[in-house]
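Every heavy atom of this structure was used, including side-chain atoms; hydrogens, water molecules and symmetry mates were not. Nothing fancy with the numbering, it's 1 onward along the sequence. Keep in mind it's a predicted model, so treat the numbers as computed, not measured.
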Amino acid sequence: MARYISKGFIEADGVTIIESSSIEMNLDNNSDDVNTIIEDYAGHTHGSGKYTVKVQNPVPTDGFEVDWFELAESGETGQLRFVLINPDTGAVAFSRLLEGDWRNPSVSLAGGKGAQGSVEFHGKRVST
């Protein structure tokens, strides 16, 4: 029976973010269809890829693990490493290092639920 990955983490500028309740990475490769009069769909253009990583964190009683608002307001470029862990070996099963900036921080609170902070990281892949 196959086992599947259920654990992972992110690193922000080399610091592991421990308390993420969810992380999601997307690649928008900005490709477009090429349609012609004679052939209809003739292929696609190759665009430049842009990654977006969405992170949600519970807010501890002593404050944010990372103050996403402060990080996003700084406007500085940084690095994010997205990591998935092999449950059988504990080794890294997938890793992607990105460079970009932090955007759209938010915090939410609902009745009967703990506060959640969230942020997006927009960037490009770092060649290693």
Side-chain angles (χ1 to χ4, degrees):
M1 184 166 127
R3 290 186 38 133
Y4 299 95
I5 292 173
S6 62
K7 293 185 179 182
F9 61 92
I10 62 167
E11 290 177 353
D13 292 321
V15 177
T16 302
I17 308 302
I18 302 293
E19 298 294 334
S20 297
S21 52
S22 73
I23 56 176
E24 174 185 334
M25 182 173 69
N26 299 303
L27 170 62
D28 182 355
N29 59 4
N30 293 311
S31 293
D32 286 318
D33 293 340
V34 175
N35 296 311
T36 65
I37 296 171
I38 295 175
E39 297 180 26
D40 292 325
Y41 178 71
H44 67 278
T45 63
H46 181 71
S48 59
K50 180 180 98 173
Y51 285 86
T52 303
V53 177
K54 297 176 184 176
V55 181
Q56 282 195 329
N57 294 78
V59 180
T61 56
D62 57 349
F64 293 104
E65 181 180 10
V66 175
D67 187 340
W68 300 125
F69 291 93
E70 193 69 35
L71 203 53
E73 281 182 321
S74 75
E76 293 180 13
T77 299
Q79 289 190 337
L80 177 137
R81 182 173 172 231
F82 184 96
V83 179
L84 298 177
I85 300 173
N86 181 317
D88 297 323
T89 65
V92 172
F94 174 85
S95 177
R96 184 70 27 107
L97 182 61
L98 309 173
E99 186 171 83
D101 63 319
W102 299 92
R103 302 178 189 178
N104 307 320
S106 68
V107 64
S108 62
L109 184 62
K113 296 182 179 179
Q116 288 281 318
S118 66
V119 69
E120 294 177 6
F121 183 88
H122 293 246
K124 63 180 180 175
R125 186 174 183 179
V126 175
S127 299
T128 54

Return the minimal non-hydrogen interatomic distance between [X] and [Y], and the atom names on each side.
X    : Y   : value
V55  : S20 : CG1-OG, 3.7 Å
P58  : P60 : O-CD, 3.3 Å
L97  : R81 : CD1-CB, 4.0 Å
N57  : W68 : OD1-NE1, 3.3 Å
V107 : F69 : N-CZ, 3.9 Å
A93  : I5  : CB-CD1, 3.5 Å

Is it possible for you to say whether [X] and [Y] belong to one hydrophobic cluster, with membership spreading through side-chain heavy-atom contacts below 4.5 Å?
X   : Y   : answer
V83 : L80 : no
M25 : I23 : yes
I85 : V92 : yes
F94 : L27 : yes

Residue among K124, R125, R96 satisfying side chain to side chain donor-acceptor pair (under 3.5 Å) with Y51: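 When side chain to side chain donor-acceptor pair (under 3.5 Å) is applied between Y51 and each of K124, R125, R96, only R96 qualifies.
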Measure the [atom1]-[atom2] distance between [X] and [Y] for me, rounded to the nearest 0.5 Å.
X    : Y    : atom1 : atom2 : answer
T52  : F121 : OG1   : CZ    : 10.0 Å
H122 : N104 : NE2   : CG    : 5.5 Å
Q56  : S21  : CD    : OG    : 5.0 Å
S118 : E24  : OG    : CD    : 11.5 Å

Does any part of the side chain of L98, heavy atoms only, come nearer than 4.5 Å to the side chain of V53, both counted from C-beta?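 In short, these two side chains touch, coming nearer than 4.5 Å.
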Say whether, by atom type as modelled, one donor and one acceptor occur between the side chain of D101 and the main chain of E76 under 3.5 angstrom. no
Decide yes or no on side-chain contact (heavy atoms from CB on, under 4.5 Å) for L71 and V66, but give the supporting numbers first. CA-CA 8 Å; L71 203 53; V66 175; 4.2 Å; yes
